[in-house]
Amino acid sequence: MRRSTAACAAALTGALVLAGCGSGDSAAELSVSAAYMPQPVSDSMAAGFLTITNKGGTKDELTSVTSEVAGSVSVHETVGGAMQEVDSLDVPAGGRLQLASGGNHLMFENLKRKPRQGEKVAVELHFAESGTIEVEMPVEAATYTPHTGN
């Protein structure tokens with residue numbers, strides 16, 4: 001009788017340990033920081049930079065961006081110095097996605113008006129799992145270089 005009780009206890013403990021393995025993955029937990037737009041030099045296009053941090057245990061994807069200031073906003077990836085539009089960018093679990101000058105970034109195209117330094121531009125970031133996050137992106141000088149490195 002003791003053997004079967006001990007065997008059952010061992011089996012139950014093993015099952016609980018295995019069940020616990022998969023439950024450690026928490027949902028994506030996103031936050032946005034260091035957002036800004038350099039004052040555009042063009043009347044039709046602007047760039048945007050920010051950092052998305054994921055404190056959760058599951059990755060997410062930035063799938064699109066919208067803003068009332070532009071006809072469209074596209075997500076661009078820079079690889080080997082070449083810029084290309086992409087459908088999405090990963091935000092790794094326990095990591096971050098940095099959109100920075102010279103790297104991955106947002107392109108605001110067909111500007112409806114030219115944002116000026118000191119204004120804030122409303123932006124909606126759309127994610128595959130986390131829905132939409134609204135961000136107020138300050139417009140900085142065209143030559144602005146943040147201390148965060150974006």
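Bear in mind the structure is a predicted one, so any value in this text is a computation, not a measurement. Values below: all heavy atoms of this structure, side chains included; hydrogens, waters and symmetry mates excluded.
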Worksheet item: Closest heavy-atom contact between V139 and Q39?
Response: CG1-CA, 3.7 Å
Worksheet item: Just by distance, do the side chain of N54 and the backbone of G94 share a donor-acceptor pair under 3.5 Å?
Response: no
Discussion item. Please evaluate residues F127 and V91 with respect to the criterion side-chain contact (heavy atoms from CB on, under 4.5 Å), reporting the C-alpha separation (whole Å), side-chain torsions for both, the decisive distance (0.1 Å), and the verdict.
Written reply: CA-CA 9 Å; F127 297 91; V91 185; 4.2 Å; yes
Item to complete: Can you tell me which residue pairs pass the side chain to side chain donor-acceptor pair (under 3.5 Å) test with a partner in residues 129-139, sequence neighbours excluded?
Response: D60-S130, H126-T132
Practice prompt. Please identify each residue that fulfils side chain to side chain contact (heavy atoms under 4.5 Å, CB included) with E61, with sequence neighbours left out.
Written response: K59, T63, S88, D90, A128
Discussion item. Any non-hydrogen side-chain atom of P115 less than 4.5 Å from a side-chain atom of M37?
Written reply: yes
Discussion item. Holding to side chain to side chain contact (heavy atoms under 4.5 Å, CB included), I want the full list of residues that pass it with A70, two or more places apart in sequence or in another chain.
Written reply: V73, F108, L111
Determine all donor-acceptor pairs shorter than 3.5 Å in which one atom belongs to a side chain in residues 74-82; sequence neighbours excluded.
residue: S74; atom: OG; partner: H76; partner atom: NE2; Å: 2.9
residue: S74; atom: OG; partner: E109; partner atom: OE2; Å: 2.7
residue: T78; atom: OG1; partner: G103; partner atom: O; Å: 2.8

Discussion item. Show the nearest heavy-atom pair for residues S67 and A122, with the distance to one decimal.
Written reply: OG-O, 2.8 Å
Worksheet entry | Residue E68 excluded, over 12 heavy atoms near CD under 6.0 Å | no
Worksheet item: Does L99 reach the side chain of T51, with side-chain heavy atoms less than 4.5 Å apart?
Response: no
Practice prompt. For D87, check salt bridge (charged side-chain N to carboxylate O under 4.0 Å, His left out) against everything at least two apart and list the hits.
Written response: none
Fill in: Heavy-atom check, side chain of L50 versus side chain of S33, under 4.5 Å
no
Discussion item. With clusters defined by side-chain heavy atoms of hydrophobic residues (ILVMFWY) lying less than 4.5 Å apart, directly or transitively, does M83 cluster with F49?
Written reply: no
Worksheet item: Which distance, rounded to the nearest 0.5 Å, do you find between the OG1 of T53 and the CD of Q98?
Response: 9.0 Å
Worksheet entry | Exercise: identify the closest heavy-atom pair between S26 and T58 | O-OG1, 2.7 Å
Worksheet item: Does M107 share a hydrophobic cluster with V135, counting links as ILVMFWY side-chain heavy atoms below 4.5 Å and allowing steps through other members?
Response: no
Response to the item:
Correct closest heavy-atom pair for Y36 and E140 would be CB-CG, 3.9 Å
Worksheet item: For the hydrophobic clusters of this structure (ILVMFWY residues joined by side-chain heavy atoms under 4.5 Å, transitively), does one cluster hold both M45 and V69?
Response: no
Worksheet item: Between atom CD1 of I52 and atom CD1 of I133, what is the distance when rounded to the nearest 0.5 Å?
Response: 7.0 Å
Worksheet, complete the sentence: Closest heavy-atom pair, P138 versus A35, reported as atoms and distance to 0.1 Å, is CD-O, 3.2 Å
Fill in: Residue pairs passing the salt bridge (Lys or Arg N to Asp or Glu O under 4.0 Å) test where at least one lies in residues 114-127, sequence neighbours excluded
D43-K114, R113-E119
